[in-house]
Engineer: 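To start, I am sharing the structure in question, which I have written as structure tokens.
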Amino acid sequence: MNPEIIPQPMPPNFLPQISVVVPVYNGEEDLPDLIDCLRSQTYPPNQVEYILVDNNSSDRTPTLLQDALQNTREITLRPDREPQIQSSYAARNTGIRAATGEFIAFTDADCRPEPNWLLSLIQPFVNPKIGIVVGEIAALPGKTLLEQHSEREETLSQKHTLAHPFCPYGQTANLGIRRSIFAEIGLFRSYLTTGGDADICWRILRETEWRLEFAPTAIVKHRHRTTLKELQSQWRRYGTSNRYLHELHGIELMRELDQREYLYRLTRWVLKELPLNTLKAVAKKATLADILSTPIGLICVKARSQGQRSANLSETARKIDSL
């Protein structure tokens, strides 16, 4: 179950049919850039279909998808809809059911796949034992303090999920799975709102003999959160995911910090880290993100604890959909 890297180049004749599934909810700001990235893929256009699933958007997403269908002839776009269940996993299930490819690649509307993304992501599947391939997630250029903090911490990098102490997994922002596997273990849990990427990977790796590999050159870029409210929401979702996965798979819950530990870390920051990093900043060897790393990190930890504490997994979210 450990991720491995296959360094050899992909055989030129290994160009299977791929279906790319992208859930979209209120994505009017992201769709033009996303579609440009899909147009730029170096994978043979006749071997890939792009299934963009509108998850009951209330903005111009449906109109933009239809416009793209009419005006994007160089690649195969297949707009679809999931209007019943408000969940990205339900939208992905709709895309999986519509897919015709032997392999399914997942990304998100707010991601920007690099041109060689698909070509690199498909490479490890040349090994018939590989069922999951995980690509890397890098940061889009950011200017705000919080973006710089998240980039400094590599918050979105798959290295964190691949090193999960329970079992490695890949985030659906950059993930490939053999379509035949869904007939074995089922689809995503449609009513799950977070944690579905870990859940699907763990079911595959723990219930079957399929293996996971890492494709470090299969890169998508993702923007970090720009406001404190968005950052706290992100980390509350991480906490919620942890609670859900505890209920579904028995993983350990994250230990929460008590008031004394928060105070100790802040005191250490004020007395040691702040003066040191301020001097480094004067010498242009540190940034504001370095200086404020500890208090921002504690805000994230607190938000994650709040999410874990308040999460409540519904019975409907336990249901595994079938292909």
Engineer: With the threshold set at 4.0 Å, does a side-chain nitrogen-carboxylate oxygen contact exist between Asp80 and Arg78?
Structural biologist: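 Salt bridge flag = no for Arg78 with Asp80.
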Engineer: Can Glu102 and Arg179 be counted as an ion pair, charged N to O under 4.0 angstrom?
Structural biologist: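 Not counted as a salt bridge, because no side-chain N and carboxylate O are separated by less than 4.0 Å.
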Engineer: Check this for me, if you would: do Lys280 and Asp290 make a salt bridge, where the nitrogen-to-carboxylate-oxygen distance has to be below 4.0 angstrom?
Structural biologist: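 The answer is no: the pair does not qualify as a salt bridge.
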Engineer: When you check the side-chain N and O atoms of Gln158 and Thr161, is any donor under 3.5 Å from an acceptor?
Structural biologist: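 Note: Gln158 and Thr161 side chains meet the donor-acceptor criterion.
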Engineer: Please check: side-chain N/O of Arg211 versus main-chain N/O of Lys129, any donor-acceptor pairing under 3.5 Å?
Structural biologist: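 It does not hold such a pair.
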Engineer: Verify whether one side chain among Glu147 and Thr144 offers a donor that lies under 3.5 Å from an acceptor in the other.
Structural biologist: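 A donor-acceptor contact under 3.5 Å links the two side chains.
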Engineer: Do Arg152 and Ser293 pair up side chain to side chain, a donor and an acceptor below 3.5 Å, judged on atom types alone?
Structural biologist: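 Yes, a side-chain donor-acceptor pair sits under 3.5 Å.
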Engineer: Does Asp321 pair with Arg92 as a salt bridge, N-O distance under 4.0 Å?
Structural biologist: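 Salt bridge flag = no for Arg92 with Asp321.
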Engineer: Show the numbers, then the answer: is there a side-chain contact (heavy atoms from CB on, under 4.5 Å) between Leu146 and Arg225?
Structural biologist: CA-CA 7 Å; Leu146 295 181; Arg225 274 59 174 180; 5.9 Å; no
Engineer: Using a strict 4.0 Å threshold on nitrogen-to-oxygen distance, state whether Arg223 and Asp30 make a salt bridge.
Structural biologist: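 Judged by the 4.0 Å cut-off on N to carboxylate O distance, Arg223 and Asp30 do form a salt bridge.
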Engineer: Ignoring hydrogens and geometry, is there a side-chain-to-backbone donor-acceptor pair from His246 to Ile251 under 3.5 Å?
Structural biologist: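 Pair found, side chain donor or acceptor close to backbone of Ile251.
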Engineer: Do we see a donor-acceptor contact under 3.5 Å between the side chains of Ser19 and Glu49?
Structural biologist: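 Short answer, yes.
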